[in-house]
> 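Structure provided below as structure tokens; questions to follow.
FYI, side chains are in, hydrogens and waters are out, and symmetry mates aren't considered; it's all heavy atoms of this structure.
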Amino acid sequence: MPSIRRPALAAAALSAALALTATACGPSEDKAAGGDKPSASAAQPGDDVIQLPKNLPSSLKDLDKWKNGAWKNWDKEQWLREARDFINPMIKGHWKPDTMKDARSSDKTLAGKGAPGTAPGASGDQGVTDPEPAPVKAKSVNLPYHNYAAPVGKVFFDSPQGHMVCSATVVKDPAHPGKSNMVWTAGHCVHAGKKGGWYRNIAFVPSYNDKGLSGAQVNTAPVQDVAPYGVWWADWAQTSGQWITQGSETGGAGAPYDFAVLHVKPEAGSGKSLEETVGNALTVDFDAPQVKSIQSMGAWGYPAAPPFDGQKMYDCVDRPGRLTIEPSQPTMYRIGCTMTGGSSGGGWFAKRDGKVVLVSNTSIGPSDSTWLAGPRLGTEAKGVYDALSQKFAKR
């Protein structure tokens, strides 16, 4: 059995910093930010669609068809593909505890061992692949999640294969300091890549299953326990042009650009922003630090493929290495981790200048789930982030 490496002090420091703002500003067991109970959807199944964009294909303009599963009969003519085509009408009550519990991993990119890249010795990190890391056993995050990883949650969406899940992180919005409605995830959690288009019914649930209930308990739990801060629907999504044109379900194609940002709005809420509601949001670091300057890096998420069931949050902390998929594309970060599909999109955190920041997100890993790799966030990622922030700057 391979040795397990988990830098205990580094892991504790990352977790403490993630919880810092939440402990001060977030909810207690029974109270939400601002002293109210955690907000949750009061909507009932069957409520009308709140908003239906005008540019839908004719086959999708019928409200009942949209609500009752138009996504089940997608074909190539119904994929909304280009960046400008994104639409995501809110459907109250679409995501209920039992529906969320049964959503499955979409992470078909978590397959294969990845390309070997070029031999070590290239300038800096570009084009280098380090030896495969030893597995790091995923560790359960302490309960309740809002006290230990307040910005982390799950993304739910519909694909032609059914209800799907990923992981995601609340991030800061430079246009709205302290009042962000922005969420960071993977590109393949919102768009199918070169052979498809935008997924549908995309929503974010921060601190999903906050008390760590079992799958059986989730089925009958009050919605406040499963979605303590409510359901937040994406009213816009932004991913890289490279993911849209190159992204592949398997093999890692497009993975160095596999990132996305959502702008969200509450299905039901008090008028507070997402950041105010959960009590924390992370800064995104686009400096793409070299591997040699990072002592430890942690990945957080909700693994959903066996042996996990997607109901609980885990993390892995390791010293990162480098993985090159294509020598002409940016080299990715790689850490040992046994998290499986469902963890994709989850944030990777590191300490930079004394603060915990988001430096990557889970993108790909091998079929035997011994490591994860995530993109380096540089100019392209900053362009995606800035474009979404600016789009909502005056709203």
> Report the residues that fulfil ring-ring contact (aromatic ring centres under 6.0 Å, His included) with Phe157, sequence neighbours left out, ordered by chain and then residue number.
Tyr199
> Among Gln246, Gln242, Gln126, find the residue that satisfies the side-chain hydrogen bond (donor to acceptor under 3.5 Å, both in side chains) test when tested with Gln329.
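For Gln329, the side-chain hydrogen bond (donor to acceptor under 3.5 Å, both in side chains) check succeeds only for Gln246.
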> Can you check whether Val152 reaches Tyr145 side chain to side chain, under 4.5 Å on heavy atoms?
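No, every pair of side-chain atoms sits at 4.5 Å or beyond.
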> Report yes or no: do Ser328 and Glu326 form a side-chain donor-acceptor pair below 3.5 Å?
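Per modelled atom types, Ser328 and Glu326 side chains form no pair under 3.5 Å.
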> Consider only side-chain N and O atoms of Asn181 and Ser273, and report whether a donor and an acceptor are under 3.5 Å apart.
no
> Closer than 3.5 angstrom, by distance alone: can the side chain of Tyr302 be matched with the main-chain N or O of Tyr208 as a donor-acceptor pair?
yes
> Which atoms form the tightest heavy-atom contact between Val141 and Ala149, and what is the distance?
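Scanning both residues completely, I find the closest heavy atoms to be CG1-CB, 4.4 Å.
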> Verify whether one side chain among Gln290 and Ser293 offers a donor that lies under 3.5 Å from an acceptor in the other.
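Per modelled atom types, Gln290 and Ser293 side chains form no pair under 3.5 Å.
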> Would you say Ser296 and Arg319 make side-chain contact, with heavy atoms under 4.5 Å?
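Not touching, per the 4.5 Å side-chain cut-off.
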> Report the relative orientation of the aromatic rings in Phe286 and Tyr385; use parallel for angles under 30°, tilted for 30 to 60°, perpendicular for over 60°.
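Taking Tyr385 first and then Phe286, their aromatic rings sit tilted (interplane angle of 30° to 60°).
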> Please tell me whether Ser344 and His188 have a donor and an acceptor in their side chains that are separated by less than 3.5 angstrom.
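Ser344 vs His188: donor-acceptor pair found between side chains.
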> If you look at every heavy atom in Trp95 and His163, which pair is closest and at what distance?
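Residues Trp95 and His163, closest heavy atoms: CH2-ND1, 3.7 Å.
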> After noting the C-alpha distance and the side-chain angles of Asp85 and Arg81, does the key distance pass the salt bridge (charged side-chain N to carboxylate O under 4.0 Å, His left out) rule?
CA-CA 6 Å; Asp85 292 341; Arg81 174 170 175 75; over 6 Å; no
> Which of parallel (below 30°), tilted (30 to 60°) and perpendicular (above 60°) describes Phe392 and His263?
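Phe392 and His263: parallel rings.
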> Look only at the side chain of Thr239 and the backbone of Phe259, and say whether a donor-acceptor pair between them is shorter than 3.5 Å.
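Judged by distance alone, yes, a pair lies under 3.5 Å.
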> Can a donor-acceptor pair be found, under 3.5 Å and without considering hydrogens, that links the side chain of Asp158 to the backbone of Asn201?
no
> Are the side chains of Trp232 and Val183 in contact, using a 4.5 Å heavy-atom criterion?
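Not touching, per the 4.5 Å side-chain cut-off.
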> Distance check, rounded to the nearest 0.5 Å: Glu275 atom CD versus Leu282 atom CG?
9.5 Å
> Tell me the closest heavy-atom pair linking Pro289 and Arg352, and the distance in Å.
CB-NH1, 3.2 Å
> Just so I know, are the side chains of Ile87 and Trp198 near enough to count as touching, which here means a heavy-atom distance under 4.5 Å?
no
> Do you know which two heavy atoms are closest between Leu372 and Met339, and how far apart they sit?
CD2-O, 3.9 Å
